[in-house]
Amino acid sequence: MTSPISAAITAPFSTATGADVKVRFCPSPTGLPHVGLIRTALFNWAYARHTGGTFLFRIEDTDAERDSEESFEMILDALGWLGLNWDEGVGVGGPAEPYRQSERKHIYEEIIAKLKASGHIYESYLTGEEIDARNEAAGRPKQLGYDNSERDLTEDQKAAYRAEGRSPALRLRVPDVDISFTDLVRGEITFPTGSFPDFVVVRPNGQPLYTLVNPVDDALMGVTHVLRGEDLLSSTPRQIALYNAMYQAGITQFIPQFGHLPYVMGEGTKKLSKRDPEANLFHHRDRGFIPEGLLNYLALLGWGLSADQDIFTLDELTAAFDVANVNPNPARFDQKKADAINAAHIRKLTAEDFKSRLVPYLQSAGLIGASLTEAEDAILTEAAPLIQERITVLSEAAPMLGFLYKSANEIVVEDDAKAGMPANTRQIIDAAIVALDSLSEADFKTEAIQEALQSALIDGLGEKPRNAFGPLRTGISGRRISPPLFESMQILGKAETLTRLQQFAEAN
RNA sequence: GGCCCCAUCGUUUAGCGGCCUAGGACACCGCCCUCUCACGGCGGCAGCAGGGGUUCAAAUCCCCUUGGGGUCACCA
């Protein structure tokens, strides 16, 4: 059976480098943004910024059943929050508009017509059941799928099918050759001929499938490097076959280069599932990851800046990033490591920046109102630096700072704080009250407070610091763990501090 | 099952034939600092899946085994 078209892969792969590089991020708007998806966006973005090339953003919304506008908005939200900006595509436009596949139907129709005219795609009338039956009759394993038996249907045969009321799906004629490519992260990969059959690219109702539109858009938009998840690795030879068809039909000039990024694993040997809370990008934002920290950790999912530095900035990332250095091993999402990375970035923030990032978390915890009052702001200015190196995610600020925003009667002593009280708590508190009361309102500052308490409790009562200050800490905060004590007292002020200590003394 | 990918401390990663008695980070365990908790500092625990080759020399190259994962749709 001779085919009218070349049986070989004749299209060249892209050789683009530097500013000629064009990468893309093309999610389907289904569900919540997955950290693996965003990692993919990050690597594409970083590669574009590193090379000086173009980062394109396209939406693959050809599946009306599953796609949602809400999901689309969340993707925009995620990219915006992280600062992953794009040079071409949805919202910013470009030479290949539109950038949402749902708006490109007429373009696909044109391409389909060309590929049909060139003989690269052909009509297929067999139903799934019929294909199974043919395989069974021929003793051919069912798993092999379609047997390419309609490649050379005559016009009469087609007419006969149509007379039965059938509409044809369209399949790509896959060259009967081994298909090889050099994966940017995995090296040379070859799929032997016969690894997959001629596949459907257009439904009988005329609706084009992902198998067609993804490569078609990449070709039409001039994408030179396809960096995507490992799950698409085995569909790559199919796509190469399609690019080759488009090349032979004069639609495109090259096949992009491919790089398949490692999976993001959860616990054990399982892919991080959509059900796992840490798979949801917004889960991390809600906990109080800052973009710098999350981006840094996401980059570590398959890549590293250097052997001995795993805390880095976005600038350092883009300066160094190269797909060639991406690790092919599956990466495991390690929440503890991620938290540690985030904590390191939080510590690097300026005091002012850190403070402002805290606000939304204190608001959602109900500690402060929608608009920051002057008093609330003043407290935060003093208190934020006290916790900057004590938290790993911003949401931890609320429980730590809560006592500063509550009134004395709202302070509830936590159980584990009660349990650790020394026997002479009352004595310690009373002595502290006397010592603090001797300070003037104006002198009620960290250093003076410390001196007064030191001399009254450590020197005076002969208490160990640990024993002396623990009850005071609990007295003013209700907790066993708090920001530094003397600073906290200064923020509360003399009157409030004494009120709380008196209240606590009476309770003991 | 066919095809494809992957394999270094608990986790992640460095290592691209000799700098390796295998380095870092996170986690964990000590100690120091210290008003709690952190931060910071110091120290410790712990790994090349197994077997064959190639080579003067292998964690590094090749093959096999084992293990894990993916994919084989008229989803994306």
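Letters A, B, ... are given to chains in the order of the sequence lines, protein chains preceding strands, and every chain is numbered from 1.
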Exercise for the section: Find the partner of B/C42: check Watson-Crick (N1-N3 plus N6-O4 or O6-N4) and G-U wobble (N1-O2, O6-N3) distances, both under 3.5 Å, and reply none if neither fits. Expected result: B/G30

Practice task
Scan A/Phe191 against the nucleic acid and name what it touches under 4.0 Å (heavy atoms): base, sugar-phosphate only, or nothing.
Solution key: sugar-phosphate

Exercise for the section: Consider the side chain of A/Lys337, meaning its heavy atoms from C-beta on, and name the nucleotide among B/C35, B/U71, B/A25 that approaches it most closely. Expected result: B/A25

Practice task
Find the partner of B/U55: check Watson-Crick (N1-N3 plus N6-O4 or O6-N4) and G-U wobble (N1-O2, O6-N3) distances, both under 3.5 Å, and reply none if neither fits.
Solution key: none

Practice task
Would you indicate whether the side-chain heavy atoms of A/Leu79 and A/Phe57 approach each other to under 4.5 Å?
Solution key: yes

Completion exercise
Of A/Pro197 and A/Asn325, the one whose nearest nucleotide on RNA chain B sits closer to the 5' end is A/Asn325

Problem - hbond_proxy A/Arg473 side chain to B/C35 base (donor-acceptor, 3.5 Å cutoff) - result: yes

Exercise for the section: Name the nucleic acid region contacted by A/Glu487, choosing base, sugar-phosphate or nothing; use a 4.0 angstrom heavy-atom cut-off, strictly under. Expected result: base

Handout entry: Six-ring centre of A/Phe72, A/Arg100 cation under 6.0 angstrom, axis tolerance 45°
Key = yes

Problem - Sugar-phosphate only, base, or nothing, as touched by A/Asp67 at under 4.0 Å among non-hydrogen atoms - result: nothing

Exercise for the section: Report the nucleotide, chosen from B/C74, B/C6, B/C35, that has the shortest atom-to-atom distance to any side-chain atom of A/Leu209. Expected result: B/C74

Fill in the blank from the handout: Regarding the side chain of A/Gln143, the nearest nucleotide among B/G1, B/U11, B/A7 is B/G1

Exercise for the section: Ignoring the backbone of A/Tyr263, work out which of B/C26, B/G69, B/C5 is nearest its side chain. Expected result: B/G69

Handout entry: Whole angstrom value for the distance that separates P of B/A25 from OH of A/Tyr297
Key = 16 Å

Exercise for the section: Considering only atom C1', compute the distance from B/A58 to B/A25 and round it to an integer number of Å. Expected result: 26 Å

Handout entry: Donor-acceptor pair, side chain of A/Arg66 and main chain of A/Thr30, under 3.5 angstrom
Key = no

Problem - Side chain A/Arg66 and base B/C75 donor-acceptor under 3.5 Å - result: yes

Handout entry: Candidates B/A14, B/C26, B/U36 - which lies nearest the side chain of A/Lys336
Key = B/C26

Practice task
Quote, to the nearest angstrom, the C1' distance that separates B/G24 from B/C9.
Solution key: 12 Å

Exercise for the section: Find the partner of B/A7: check Watson-Crick (N1-N3 plus N6-O4 or O6-N4) and G-U wobble (N1-O2, O6-N3) distances, both under 3.5 Å, and reply none if neither fits. Expected result: B/U66

Practice task
Would you check if there is a donor-acceptor pair between the side chains of A/Asp217 and A/Tyr108 at a distance under 3.5 Å?
Solution key: yes

